[in-house]
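A quick write-up on the structure given underneath.
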Amino acid sequence: MKEKLSFIVRHAIDSAVAAGHLKPIDPPPSMVLEIPKIAAHGDFSTNIAMTMAALQNRAPKEIARIIIDHIEDRDHLLSKTEVAGPGFINFFIALDRWHEVLKAVHQEDTAYGTSQAGLGKRVQIEFLSANPTGPLHVGHGRCAAVGDTLAAILSATGYEVEKEYYVNDSGRQIRTLGESVFVRYQQLLGKTIDLPAENYQGSYINDLARILLDQEGEHLLELPEEEAVTHCARFAAMKIFEGIREDIVAFGVSFGHWFSEQFLYDSGAVQAVIQDLKSRDIIYEHDGALWFRTKDFGDEKDRVVVRANGLTTYFASDIAYHKNKFDRKFDRIIDIWGADHHGYVPRVSASIRALGYDGDRFQVFLVQLVNLLRGGKPVAMSTRAGEFVTLREVIDEVGRDATRFLFLLRHYESPLDFDLELAKKQSNDNPVYYVQYVHARISNILKKAEERGYKDIDWHDDFSKILTLPEELQLIKLMARYPEVVARSARLMEPHRVPFYMKELAAAFHAYYHDRNKHKVVSDDAKLSAARLYLVSAIRIIIKNGLSLMGVSAPETM
RNA sequence: GCGCCCAUAGCUCAGUGGAUAGAGCGCCGGACUACGAAUCCGUAGGCCGCCAGUUCGAAUCUGGCUGGGCGCACCA
């Protein structure tokens with residue numbers, strides 16, 4: 001609808017210029033076509049006459065009038081066009097044209113809302129990527145929900161999307177994990193050793209040690225400590241990673257690729273990129289360590305890639321990792337990190353520019369932290385002490401649908417309060433049920449209708465003459481907006497727009513449905529019933545499509 | 001001290017440089033002899049943190065200030 005109108009307005013400006021009524025404009029002015037807040041201002045409104053005023057050296061209202069005079073509306077899309085206020089042009093869409101939206105929804109079905117804005121470009125989105133040193137916690141869940149939904153939204157707007165999880169299965173953290181487990185293992189065998197404070201303290205470490213002991217017995221005590229720790233590390237990382245994968249499945253997320261940090265070392269990629277940068281003097285030696293000239297590429301200081309003790313830093317493998325991403329020829333490379341990593345962004349961006357890649361193709365989105373509450377009170381969490389609520393516990397307690405929906409309901413740049421009690425409530429406090437209830441209600445209507453002989457209703461041109469109530473028109477207009485919500489959500493990388501739209505559509509439907517005396521869907525009037533069934537089943541399609549983008553189920557009954 | 005993010009109704013938050021800033025919760029008052037009340041209807045509630053600037057026009061853009069969150073390793 002909006003595209004059609006946009007075309008008409010552009011065409012009108014062109015023909016006004018051709019007729020000499022307006023000065024040629026180069027470049028053409030960017031046009032904002034929006035839906036006014038107030039119904040009296042039309043279905044769409046544009047400010048284009050006002051933005052052209054200065055260049056045309058004429059009054060906005062005069063320009064607006066000229067544009068309107070040159071509008072050709074061959075399809076009779078418009079019922080009224082007017083100049084209003086300081087120079088807005090307000091457009092009123094002809095009533096019967098709105099109903100074609102219903103036809104489009106039914107025809108496109110699961111594809112309604114998709115577009116080709118991404119032009120088939122290849123985009124890689126890396127998210128979650130939690131270290132296999134402990135279970136996923138609530139904050140990871142938010143990153144997972146945001147990343148997964150962004151991927152779905154990009155995919156719906158014509159991108160070819162690859163989701164990737166980067167597994168930090170190398171380095172000192174894994175070593176620390178091994179040490180932690182080995183200490184617990186020895187404690188289980190009666191040895192009196194204390195767990196050093198810098199080791200992982202969580203109770204899951206005890207569990208891992210117990211499993212290790214049960215499976216392999218006491219033989220680790222006979223190994224040299226070095227070997228025993230390595231063995232523990234490998235065992236623990238594998239077990240934890242298995243658990244993470246299970247949690248990811250339980251949360252309804254799937255990854256196309258799992259990329260191993262260890263692979264970057266085994267394949268020599270890390271050494272190769274360090275050598276290359278050294279030969280170009282982008283990496284230099286100082287105080288026995290190797291430093292990257294990140295300061296020359298926008299970071300506040302240079303950063304160490306190889307420490308004086310010969311060990312590489314996390315940054316070293318990250319350089320090789322991002323080089324690898326670029327070498328895989330993606331048009332866009334997107335990283336989604338927890339906001340606590342924001343200080344790391346300039347460094348990685350700097351390394352990408354230093355390697356000569358196009359920095360514009362790389363974007364980092366920082367997801368703000370989650371404050372976990374129960375009944376309004378903060379839940380004490382300390383990763384160091386190993387006291388935290390795992391994502392699994394939250395999924396088990398409040399359910400996957402509610403968890404995902406609530407994680408998506410805030411702009412990712414805002415800190416999120418997640419209240420476990422609120423999340424469990426099946427009321428208006430909890431919008432997920434509000435939206436899902438629409439799907440269940442409509443499913444039930446369709447079931448009842450089928451019992452009365454209504455099945456697979458086809459589009460009929462009469463529908464525009466039957467569905468004439470203001471609230472019916474309002475529903476249709478709302479449905480017409482859905483594709484733009486998805487497109488805008490993708491363009492701005494803002495997944496929260498989808499659940500907000502869902503809430504709005506749900507509210508409009510519930511209100512319509514509730515006044516059952518005024519407009520019962522299935523009535524004695526066969527034509528009216530068919531038209532309304534066509535209307536509500538279109539709503540159901542959009543609810544299902546939107547929930548599907550969020551990874552939330554659309555139940556037939558609740 | 002430096003950097004990133006946030007500040008809108010009592011609370012939690014939406015809001016595309018545009019015309020009269022919205023929703024849910026909460027408060028108060030109402031609605032089912034049923035296409036499921038996990039719903040609906042109504043009332044009240046606002047210096048859009050503060051100051052300046054840009055603009056025909058600012059909650060929205062820019063600068064400064066105040067308050068809050070997070071981060072500033074040869075850790076990951």
Side-chain angles (χ1 to χ4, degrees), chain A residues 32-38 40-41 45-47 50-51 53-54 59-60 84-88 90 131 133 168 171-174 176 198 286-291 300-301 303-315 317-318 338-346 366-369 371 376 409-417 419 422 425-438 440-449 451-452 484 488 491-492 496-497 499-501 503-504 506-507 509-516 519-523 529 532-533 536 557-558:
Chain A
V32 177
L33 199 56
E34 61 170 11
I35 299 170
K37 282 177 227 158
I38 298 152
H41 293 156
S45 171
T46 181
N47 62 349
M50 286 183 279
T51 61
F88 293 104
N90 295 338
N131 297 346
T133 52
N168 295 113
R172 226 194 68 171
Q173 42 169 358
I174 297 294
T176 306
E198 66 270 21
H286 177 70
D287 287 346
L290 290 181
W291 297 72
E300 60 185 33
K301 55 180 269 192
R303 306 288 178 176
V304 169
V305 287
V306 180
R307 290 180 273 165
N309 63 10
L311 295 176
T312 49
T313 60
Y314 186 84
F315 182 40
S317 49
D318 252 353
D340 51 340
H341 288 75
H342 77 257
Y344 204 71
V345 178
L366 299 167
V367 178
Q368 290 294 322
L369 305 180
N371 301 313
L409 201 54
R410 288 280 162 284
H411 194 297
Y412 63 84
E413 276 182 351
S414 301
L416 169 69
D417 288 338
D419 194 310
L422 221 62
K425 272 169 81 175
Q426 302 188 341
S427 71
N428 240 349
D429 285 341
N430 196 341
V432 62
Y433 300 111
Y434 186 77
V435 173
Q436 285 182 321
Y437 191 38
V438 172
R441 271 183 152 173
I442 296 174
S443 297
N444 199 46
I445 295 172
L446 297 181
K447 204 177 100 199
K448 289 270 160 65
E451 289 164 11
R452 293 178 57 171
E484 202 202 327
R488 187 171 181 79
R491 194 165 63 246
L492 300 175
H496 74 279
R497 291 173 181 276
F500 270 95
Y501 171 83
K503 277 170 59 176
E504 203 180 336
F509 170 76
H510 283 310
Y512 177 74
Y513 171 90
H514 203 272
D515 201 349
R516 55 176 76 93
H519 31 56
K520 198 160 164 153
V521 175
V522 182
S523 64
S529 300
R532 285 184 173 162
L533 283 165
V536 297
T557 59
M558 290 172 67

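Source: prediction; values computed, not measured. Quick note on labels: first sequence line is chain A, next is B, and so on, each numbered from 1.
- The His496(A) side chain lies nearest to A14(B) when the options are U12(B), A14(B), C4(B).
- For Asn444(A), counting side-chain heavy atoms from C-beta on, the closest listed nucleotide (C75(B), G36(B), C6(B)) is G36(B).
- Across the protein-nucleic acid pair, Arg410(A) atom CZ and A23(B) atom P stand 17 Å apart, rounded to whole Å.
- Below 30°, between 30° and 60°, or above 60°: for Phe500(A) and His496(A) the angle between ring planes is above 60°, a perpendicular geometry.
- Ranked by how close their nearest RNA chain B nucleotide is to the 5' end, Glu300(A) and Ala440(A) are led by Ala440(A).
- For C11(B) and G30(B), the C1' atoms lie 24 Å apart once the distance is rounded to whole Å.
- Distances were taken from every side-chain heavy atom of Asp287(A) (C-beta onward) to each of C74(B), A19(B), A37(B); the shortest belongs to C74(B).
- The same atom, C1', is picked in A76(B) and in C13(B); the two are 34 Å apart, to the nearest Å.
- Checked by distance alone, Asp340(A) brings no side-chain donor or acceptor within 3.5 Å of a matching partner on the base of G71(B).
- Counting to the nearest Å, the C1' atom of C6(B) and the NE2 atom of His411(A) are 11 Å from each other.
- What separates NZ of Lys503(A) from C1' of U12(B) is a distance of 9 Å, to the nearest Å.
- In this structure, CZ of Arg172(A) is placed 7 Å from P of A76(B), rounded to the nearest angstrom.
- With both ends at atom C1', the span from U16(B) to U60(B) equals 9 Å, rounded to whole Å.
- For Tyr434(A), counting side-chain heavy atoms from C-beta on, the closest listed nucleotide (C40(B), A19(B), C74(B)) is C40(B).
- Heavy atoms from other residues, nucleotides or ligands lying under 6.0 Å from CZ of Arg307(A) number more than 12.
- Annotation: C65(B) and U39(B) have their C1' atoms spaced 48 Å apart (nearest Å).
- A21(B) is unpaired under the Watson-Crick or G-U wobble criterion, no partner having all donor-acceptor distances under 3.5 Å.
- Figure legend. C40(B) is base-paired to G30(B); pairs are counted as Watson-Crick or G-U wobble with both atom distances under 3.5 Å.
- With rounding to the nearest 0.5 Å, the separation of CZ in Phe88(A) from NE2 in His41(A) is 8.5 Å.
- A9(B) and A52(B) have their C1' atoms separated by 27 Å, given to the nearest Å.
- The side chain of Gln173(A) lies closest to A76(B), out of A76(B), G18(B), C4(B).
- With A38(B), C41(B), A14(B) as the candidates, the nucleotide lying closest to the side chain of Met558(A) is A38(B).
- Relative ring orientation between Tyr512(A) and His519(A) is described as parallel, the plane-to-plane angle staying below 30° on a 0-90° scale split at 30° and 60°.
- Here G1(B) sits opposite C72(B) as a Watson-Crick or G-U wobble pair (both hydrogen-bonding atom distances under 3.5 Å).
- For the pair Ser45(A) and Ala339(A), nearest-nucleotide mapping onto RNA chain B gives the more 5' position to Ser45(A).
- Between Asp417(A) atom CG and C25(B) atom P the separation is 18 Å, expressed in whole Å.
- With both ends at atom P, the span from A7(B) to A59(B) equals 15 Å, rounded to whole Å.
- For the C1' atoms, the distance linking G10(B) with G3(B) amounts to 34 Å, nearest Å.
- Closest to the side chain of Lys37(A), from the set C4(B), A31(B), A19(B), is A19(B).
- Distances were taken from every side-chain heavy atom of Arg497(A) (C-beta onward) to each of G15(B), A19(B), A73(B); the shortest belongs to G15(B).
- Of the candidate nucleotides C35(B), C40(B), A38(B), C35(B) has the atom nearest to the side chain of Ile445(A).
- G68(B) sits 14 Å from U8(B) when the P atoms are compared, rounded to a whole Å.
- With distances taken from any side-chain atom of Glu413(A) to the nucleotides C35(B), A76(B), C5(B), the minimum falls on C5(B).
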